[in-house]
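As structure tokens, the structure follows; a few thoughts come after it.
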Amino acid sequence: MTATVLQFSPQASAEEERARALSLEMAEASAQEILKRTLTDEFVNEIALVSSFGAESAVLLHLAAQVSPDVPVIFLDTGKHFAQTLSYRRKLASQLGLTNVRDIHPNKEHLGAEDPAGDLFRRDANACCDLRKVRPLRGALDGFSAWVTGRKAFQGGERVHLPAVEWNGRHFKVNPIVRWSRDDLTSYIEEHALPAHPLVEQGFPSIGCWPCTRAVEEGEDVRAGRWSDNVKTECGIHTD
Ligand code: SF4
């Protein structure tokens, strides 16, 4: 469960060099060590954790709660979540002792102007994610220099080569569990008796907004139920 180290060009910025040095330093570090180093030392009071309170979110939230239970946790309340996600967000935050979970909503004026009927997801999912996730997150991260993500390499795509710390031109992004396998996650959940999102047992291994998430069939990829009638595969918050 160690992290990949990015190679930067000789023209790398000071921030890129700082991310590279941190990634090198923590190449063999555990998720707990990465969180301790970043939450309580390198970026203390300048770092937030972003969580969807989805199928596997309990792992990163539990790890963070052990290190810093008052870390700001940003939850993007898009207005399109399953009711089960909203109740899980409340239950999990309480059970883990997280004291600083922030529900971030889309801008009301933007909603009224760009999605007055609430059906933008049908016509333009990218614009809907930009309105309900990307821009609200950008605002929520104002004042922070770094944020923690729950991305895993086994999810594929660009995530395969993520380092422990990266610089996206605006913020540092910390990826403590990027090298964890699905078995690592399952073991951790069992070991700590973490509550599952209620939709997991109904066939939802990856959970987003209700209009854009369906249960998956046996043998399908875990993210096959996300935007399954669309070429879209990511909401855009990690598109730097
Ligand atoms: S996941 Fe779907 S409903 Fe949610 S913000 Fe994106 S397009 Fe809109």
Side-chain angles (χ1 to χ4, degrees), residues 48-61 72-93 101-142 144 147-152 154-159 162 168 170-171 173 175 196-217 220-240:
L49 185 154
V50 178
S51 179
S52 65
F53 285 82
E56 295 155 346
S57 298
V59 171
L60 181 62
L61 290 169
V73 174
I74 293 171
F75 171 63
L76 297 172
D77 188 347
T78 62
K80 299 290 183 188
H81 282 300
F82 291 98
Q84 292 92 329
T85 298
L86 300 178
S87 63
Y88 184 62
R89 168 252 175 274
R90 289 190 291 272
K91 174 182 173 184
L92 193 58
V101 181
R102 304 177 181 186
D103 297 327
I104 304 299
H105 304 276
N107 178 290
K108 279 187 182 158
E109 287 180 14
H110 295 176
L111 274 181
E114 300 169 39
D115 190 15
D119 61 354
L120 183 58
F121 63 87
R122 288 202 178 91
R123 291 174 280 116
D124 189 339
N126 284 331
C128 185
C129 279
D130 189 64
L131 169 66
R132 295 174 182 276
K133 292 184 177 180
V134 176
R135 279 181 272 159
L137 178 61
R138 201 175 294 151
L141 287 174
D142 272 353
F144 292 105
W147 54 292
V148 181
T149 90
R151 290 175 297 171
K152 279 83 64 180
F154 71 73
Q155 293 170 320
E158 292 181 356
R159 301 177 189 212
L162 288 177
N168 71 356
R170 191 185 295 261
H171 293 96
K173 289 166 74 173
N175 308 305
H197 189 298
L199 289 176
V200 170
E201 64 177 12
Q202 295 181 39
F204 292 77
S206 177
I207 301 159
C209 298
W210 64 262
C212 306
T213 308
R214 64 160 172 80
V216 302
E217 304 292 333
E220 278 191 308
D221 184 83
V222 293
R223 284 179 66 86
R226 304 292 298 279
W227 302 284
S228 61
D229 57 353
N230 197 308
V231 293
K232 182 177 171 68
T233 57
E234 298 276 351
C235 67
I237 65 170
H238 292 296
T239 307
D240 301 320

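This is a predicted model, so every value here is computed, not measured. For ligands, and for the atoms within them, numbers begin at 1 and follow the listed sequence.
For atom 8 (Fe) of ligand 1, the closest non-hydrogen atom of the protein is Cys128 SG, 2.3 Å.
Note on Arg214 versus Glu220: salt bridge recorded, some NZ/NE/NH1/NH2 to OD/OE distance being below 4.0 Å. Ion pairing between Arg132 and Asp115 holds under the 4.0 Å rule for side-chain N and carboxylate O.
The heavy atom nearest to atom 7 (S) of ligand 1, out of those in Ala125, Gly79, Cys235, Gly118, is found in Ala125.
Taking every heavy atom of Cys212 and a limit of under 4.0 angstrom, the matching atoms of ligand 1 come to 1 (S), 2 (Fe), 3 (S), 7 (S). Shown in contact with Arg132 at under 4.0 Å from a heavy atom are these atoms of ligand 1, numbered in order with element: 5 (S).
The closest donor-acceptor contact from the side chain of Lys152 to the backbone of Gly150 lies under 3.5 Å.
Aromatic pair Phe82/His197: ring centres not closer than 6.0 Å.
Using a 4.0 Å heavy-atom cutoff, Trp227 is listed among the residues neighbouring ligand 1.
Here the side chains of Asp103 and Arg89 are in contact, with some heavy-atom distance below 4.5 Å.
For the atom pair CZ of Arg102 and CD1 of Ile74, the computed distance is 6.5 Å after rounding to the nearest 0.5 Å.
Residue contacts to atom 6 (Fe) of ligand 1: Cys129 brings an N, O or S atom closer than 2.8 Å. Atom 4 (Fe) of ligand 1 has Cys209 among its coordinating residues (N/O/S atom, backbone or side chain, under 2.8 Å).
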